[in-house]
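Naming: A, B, ... by sequence-line order, numbering from 1 per chain.
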There are 2 protein chains.
Amino acid sequence: MSRTVRMNQGVEWALHGCVALSWVARDRAIPAAKLAELNGLPAPYLNKQLQALAHAGVLRSTNGPKGGFRLARGPEEITVLDVVLAIEGEGEAFRCTEIRQRGPFPTPRRDCRVPCQIASVMHDAEMAWRRTLTERSIADIAAEVEASNPQVRKRICSWLDSSS
Amino acid sequence: MSRTVRMNQGVEWALHGCVALSWVARDRAIPAAKLAELNGLPAPYLNKQLQALAHAGVLRSTNGPKGGFRLARGPEEITVLDVVLAIEGEGEAFRCTEIRQRGPFPTPRRDCRVPCQIASVMHDAEMAWRRTLTERSIADIAAEVEASNPQVRKRICSWLDSSS
DNA sequence: GACGGGGTACTCGGATAGAGCTTGTCCGAGTTAGCGTGG
DNA sequence: CCACGCTAACTCGGACAAGCTCTATCCGAGTACCCCGTC
């Protein structure tokens with residue numbers, strides 16, 4: 001029985017896209033179509049994800065010929081959490097609906113200024129999750145990928161040069 | 001902009017239900033309808049969540065008159081993670097689709113025996129999240145709730161006795 | 001030969017359908033408690 | 001008075017719709033480049 005509530009698939013695409021962008025020159029923009037072809041993804045939908053990253057300030061978009069997307073700052077300054085939140089939104093996964101204030105014995109209003117104990121536990125877990133994602137940057141992942149497959153970076157750059 | 005992908009609301013209901021069940025005698029079953037009324041929730045749907053908990057071995061269900069749900073083991077033996085996974089399923093939120101094997105430069109098959117670096121980071125974060133939820137039990141939450149509102153336990157028990 | 005203007009092609013950007021999942025609801029199967037009857 | 005069988009009510013359990021979010025797609029707005037004509 002696998003989880004039915006899963007993370008947006010766009011998160012995976014966005015992360016792979018950022019890693020690829022970290023390998024090209026910073027002043028060079030890559031069109032969404034190229035990134036999509038590089039990963040075997042549908043171009044229009046990847047474009048949507050990249051727009052979300054641009055809106056969040058992770059990427060910088062350029063219009064017109066020779067345009068496309070590039071990293072808005074150095075890959076060591078972009079955390080995995082930045083990308084995840086750009087796609088999924090800033091809100092936390094668990095949302096307390098204050099059911100302690102419902103039913104025949106509602107918790108008094110003055111006691112509700114502190115968060116519900118259940119919401120507090122879920123919040124702690126979310127913070128632990130976010131902390132882990134903050135400790136890893138796009139540059140870290142790119143370095144690991146390159147270490148396990150040293151040829152991929154050069155191949156991608158060559159392919160982008162030849163088909164531009 | 002709040003997150004669109006949120007956790008099932010049933011998780012919150014299930015946790016509140018387990019806390020309430022931890023306050024009544026272990027050999028006494030509470031019907032789903034009573035638990036729903038206690039929290040101001042729609043009874044049929046809460047029933048669905050309780051079924052999931054019973055199927056996961058967190059609760060024990062009894063049929064017929066004087067039947068209902070009770071905890072399958074002591075509240076200190078039920079972690080928050082047990083409840084969350086019972087509702088949401090055992091699978092992890094992030095699912096790697098191995099897009100590194102797609103496109104013009106697929107990662108060689110022999111290099112794919114180790115997880116994708118991106119999937120690895122997401123997995124680490126999920127483990128941190130789960131560890132936090134494992135460290136807190138239903139008994140812990142029940143004790144905290146009772147500490148902040150000492151009357152609620154007695155009131156609920158009296159209400160359950162009088163309306164049975 | 002150099003400069004300016006217009007056209008063109010390429011890019012992003014947002015608005016637009018379809019599928020899957022969560023949410024919410026319902027009625028039937030199973031079981032137990034209570035009651036009536038017979039010994 | 002006690003034991004047994006039956007009825008009946010109550011509970012869970014799974015099957016069944018509606019709304020919303022994610023997935024996927026398309027075409028229009030904007031911009032930079034390139035070409036051509038003119039000075």
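- The CZ-P distance, from R95(A) to dT22(C), rounds to 15 Å in whole Å.
- Side-chain atoms of E12(B) come within 3.5 Å of backbone N or O of T97(A) as a donor-acceptor pair.
- The closest side-chain heavy-atom distance from V84(B) to W129(B) is below 4.5 Å.
- Distances shown here put a side-chain N or O of Q51(B) below 4.0 Å from the OP1 or OP2 atom of dG14(D).
- For the pair R70(A) (side chain) and D27(A) (backbone), a donor-acceptor distance under 3.5 Å is present.
- Of the candidates dT11(D), dG13(D), dT16(C), the closest approach to any side-chain atom of F69(B) belongs to dG13(D).
- F105(A) is listed as a side-chain neighbour of L38(B), based on a closest heavy-atom distance under 4.5 Å.
- Across the protein-nucleic acid pair, N63(A) atom CG and dT11(C) atom C1' stand 5 Å apart, rounded to whole Å.
- Summarising the geometry, the separation between CH2 on W13(B) and P on dG24(C) is reported as 5 Å, rounded to the nearest angstrom.
- Rounded to whole angstrom, the span from the CE atom of M7(A) across to the P atom of dC22(D) amounts to 12 Å.
- Atom CG of L50(A) and atom P of dG14(C) are 13 Å apart (whole Å).
- Nearest-nucleotide positions on DNA chain C for L46(B) and K48(A) put K48(A) closer to the 5' end.
- Rounded to whole angstrom, the span from the CG atom of L53(A) across to the P atom of dG13(C) amounts to 11 Å.
- Interface residues of residues 99-106 of chain B facing DNA chain D, ordered by number: none; criterion, heavy-atom separation under 4.0 Å.
- Atom pair R28(A):CZ and dA32(D):P shows a separation of 18 Å (rounding to whole Å applied).
- The residues R136(B) and D124(A) are annotated as salt-bridged, a charged nitrogen and a carboxylate oxygen being separated by less than 4.0 angstrom.
- A33(A) comes within contact range of no nucleotide atom at all, as no heavy-atom separation falls under 4.0 Å.
- With hydrogens and angles left out, the side-chain atoms of D161(A) and S158(A) include no donor and acceptor closer than 3.5 Å.
- For the segment residues 35-45 of chain B, residues with any heavy atom less than 4.0 angstrom from an atom of DNA chain C are, sorted by number, P42(B), P44(B), Y45(B).
- The separation between Q49(A) atom CD and dA24(D) atom P is 9 Å, rounded to whole Å.
- Residue A36(A) comes nearest to A43(A) through the heavy atom pair CB-CA, 3.5 Å, listed as atom of the first residue, atom of the second, then distance.
- One finds a side-chain N or O of N8(A) lying less than 4.0 angstrom from the OP1 or OP2 phosphate oxygen of dT23(D).
- Judged by distance alone, the side chain of E92(A) and the main-chain N or O of H123(A) form no donor-acceptor pair under 3.5 Å.
- Here R131(A) does not pair with E135(A) in a salt bridge; the nearest charged N to carboxylate O distance is not below 4.0 Å.
- In this structure, the side chain of E88(B) engages the main chain of N8(B) through a donor-acceptor pair within 3.5 Å.
- The phosphate of dG13(C) has OP1 or OP2 within less than 4.0 Å of a side-chain N or O from S61(A).
- Between D82(B) and E77(B), the shortest heavy-atom contact is OD2-O, 4.0 Å.
- To the nearest 0.5 angstrom, T62(B) atom OG1 is 13.0 Å from R28(B) atom CZ.
- Among the protein residues, A32(B) comes within range of the sugar-phosphate backbone only, with heavy atoms under 4.0 Å from sugar or phosphate atoms but none that close to a base.
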With sugar-phosphate taken as primed atoms, P, OP1 and OP2 and all else as base, the protein-contact string of nucleotides 4-9 of chain D at under 4.0 Å (heavy atoms; B, S, -) is ------
